2 protein chains.
Amino acid sequence: MAKDTENTILDVARQEFVQNGFAATRMQEIADKAGINKAMLHYYFRSKEKLYQEIISQTLNRVIPIFAQSLDQDGDFWTKLERVVGTYVKLLIKEPDLPFFIMSELSQKRESFIIELKKRAQYFPAMRKFIMQIMEEQSTGKLREVPPVHIVLNIMGLCVFPFIAKPIFCTIMDIPEEDFKELMQDRVNVIMDFMHHALKVD
Amino acid sequence: MAKDTENTILDVARQEFVQNGFAATRMQEIADKAGINKAMLHYYFRSKEKLYQEIISQTLNRVIPIFAQSLDQDGDFWTKLERVVGTYVKLLIKEPDLPFFIMSELSQKRESFIIELKKRAQYFPAMRKFIMQIMEEQSTGKLREVPPVHIVLNIMGLCVFPFIAKPIFCTIMDIPEEDFKELMQDRVNVIMDFMHHALKVD
DNA sequence: ACAAATTTTAACCATTTGGTTAATAAATGC
DNA sequence: GCATTTATTAACCAAATGGTTAAAATTTGT
């Protein structure tokens, strides 16, 4: 039963923190939705801050390895790109609030988040190796010469941005939010096509 | 003196709300930083909610027209694109926290923000006209056939995303945040080059 | 110069909120 | 079966926070 309570708390807390952010999330609300006494939250996690930290930690553990591993396999730039874009967009369709959560609290609770992020520094080389690979393929004339850092920024932006901008985008473009998911289904192909034309050598 | 106090409040409040979000911003903190009594905040703006609304309103007034007007002038797709990308990136370099603020509170206080957004519906047609123009230039063979909605998403993503992702990006890529601004200076050219290759007809 | 309106302040107030405590219930080990 | 540990609860607490009020200072109109 013990693990059960703990996991219920974590589940509810994650939902609440993701939806409302740290400051707007109420411990009482978490307790109510988990169907337990508020004191349990402190019994298991000591404080709101610690509970939040745990959620952050879990979230990073769930996202970063997926991302890094999809980069850390064999293949040329295009193989890797297709893999990483596919993985990422699929993940985001399943959990569309994720990028928002990560970036939201990041800007406000910068230090603690960055610390938590740096604990996963083991995964960063995958990214830097990817950049090296881009440079290599550029120098052998397989890719057009665009600054690699910008290429990475572009890839990330093309994948992640729509999920962050969904509400504002749907409003301005007058698209029902239900149609949005559908739009995202095509997204992998659009991105691949876009990148391909942008980076292929003439 | 009256207008002076009011504007000081607005200035400080904007900084605070942008930096901390609604829930984490303290009225007392605003008062202190503005060097006035907390009661003044309520004297001029009645409540925290109303004050926040005012900031949202001002912010949208500052951003949306700039964006819409840069789309609402003459020129073919490429002329417009260069104008809108230039305007946007320039604005964001000056106020890098802006997209974050807009998108942050958007997801949490959805209703009130969307309402405020819809009050500016007058500006939306510029965007839809831009899409129409894309479709036209595609049918006359001037642009490659990529779904226009995705083109718009791509443009927005390429412009805005780096500013949202700055902290996480700089950490993972091991780039000092000071170097980031420099990176953004090249951004307009990179984006234009990228779009050009992605959309030109073979 | 002075009355009326406006602006500003200090002291309060009610509520919310994270967190604690002491007592109770349930599980565990022997 | 019983003592000990673990899990859970209800009641409580102190601090923080948005908001109010009544009085004082300042400005404005005449």
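Keep in mind the model is a prediction, meaning the values are calculated, not measured. Hydrogens, waters and symmetry mates play no part in the numbers below; they use all other heavy atoms, side chains included. Below, chain A is the first sequence line, B the second, and so on; all start at residue 1.
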Worksheet item: Between the main-chain N or O of B:Glu16 and the side-chain N or O of B:Thr25, is there a donor-acceptor pair closer than 3.5 Å?
Response: yes
Worksheet entry | Length of the line joining B:Glu16:CD and D:dT17:P, which is rounded to integer Å | 12 Å
Worksheet item: Which of these nucleotides, C:dT6, D:dT6, C:dG19, is closest to any side-chain atom of A:His42?
Response: C:dG19
Worksheet item: C:dT9 P sits how many Å from B:Ile36 CD1, rounded?
Response: 7 Å
Practice prompt. Ignoring the backbone of B:Ala39, work out which of D:dA7, D:dT20, C:dG19 is nearest its side chain.
Written response: D:dT20
Worksheet item: Rounded to whole angstrom units, what separation is found between the CZ atom of B:Phe45 and the P atom of C:dT7?
Response: 12 Å
Worksheet entry | Rounded distance in Å - CG (A:Asn37) to P (C:dG18) | 14 Å
Worksheet entry | Rounded distance in Å - CE (A:Met40) to P (C:dA26) | 14 Å
Worksheet item: When the distance from CD of A:Glu6 to P of D:dT6 is rounded to whole Å, what number comes out?
Response: 14 Å
Discussion item. Tell me whether the side-chain N/O atoms of B:Thr5 come closer than 4.0 Å to OP1 or OP2 in C:dT8.
Written reply: yes
Worksheet item: Going by modelled atom types, is there a donor-acceptor pair between the base of C:dG19 and the side chain of A:Lys48 at under 3.5 Å?
Response: no
Discussion item. Is B:Tyr43 close enough to D:dG19 that one of its side-chain N or O atoms is under 4.0 Å from OP1 or OP2 there?
Written reply: no
Worksheet item: Nearest to the side chain of A:Arg26, which nucleotide is it out of C:dA10, C:dG18, C:dT8?
Response: C:dG18
Fill in: Atom-to-atom span, CG of A:Asp4 to P of C:dA26 - whole angstrom
17 Å
Worksheet entry | d(CD1, B:Ile30; P, D:dG18) in whole Å | 8 Å
Worksheet item: A:Trp78 versus A:Met195: any side-chain heavy-atom pair under 4.5 Å?
Response: yes
Practice prompt. Could you check whether A:Met27 gets within reach of a base, just the sugar-phosphate, or nothing at all, counting any heavy atom under 4.0 Å?
Written response: sugar-phosphate
Worksheet item: Within 45° of the ring axis of A:Phe77 and under 6.0 Å from its six-membered ring centre, is that where the NZ or CZ of A:Lys142 lies?
Response: no
Practice prompt. Return yes if a side-chain donor-acceptor contact under 3.5 Å exists between A:Lys80 and A:Gln73, otherwise no.
Written response: no
Worksheet item: Excluding sequence neighbours, so at least two apart, what forms side-chain hydrogen bond (donor to acceptor under 3.5 Å, both in side chains) with B:Thr79?
Response: B:Asp76
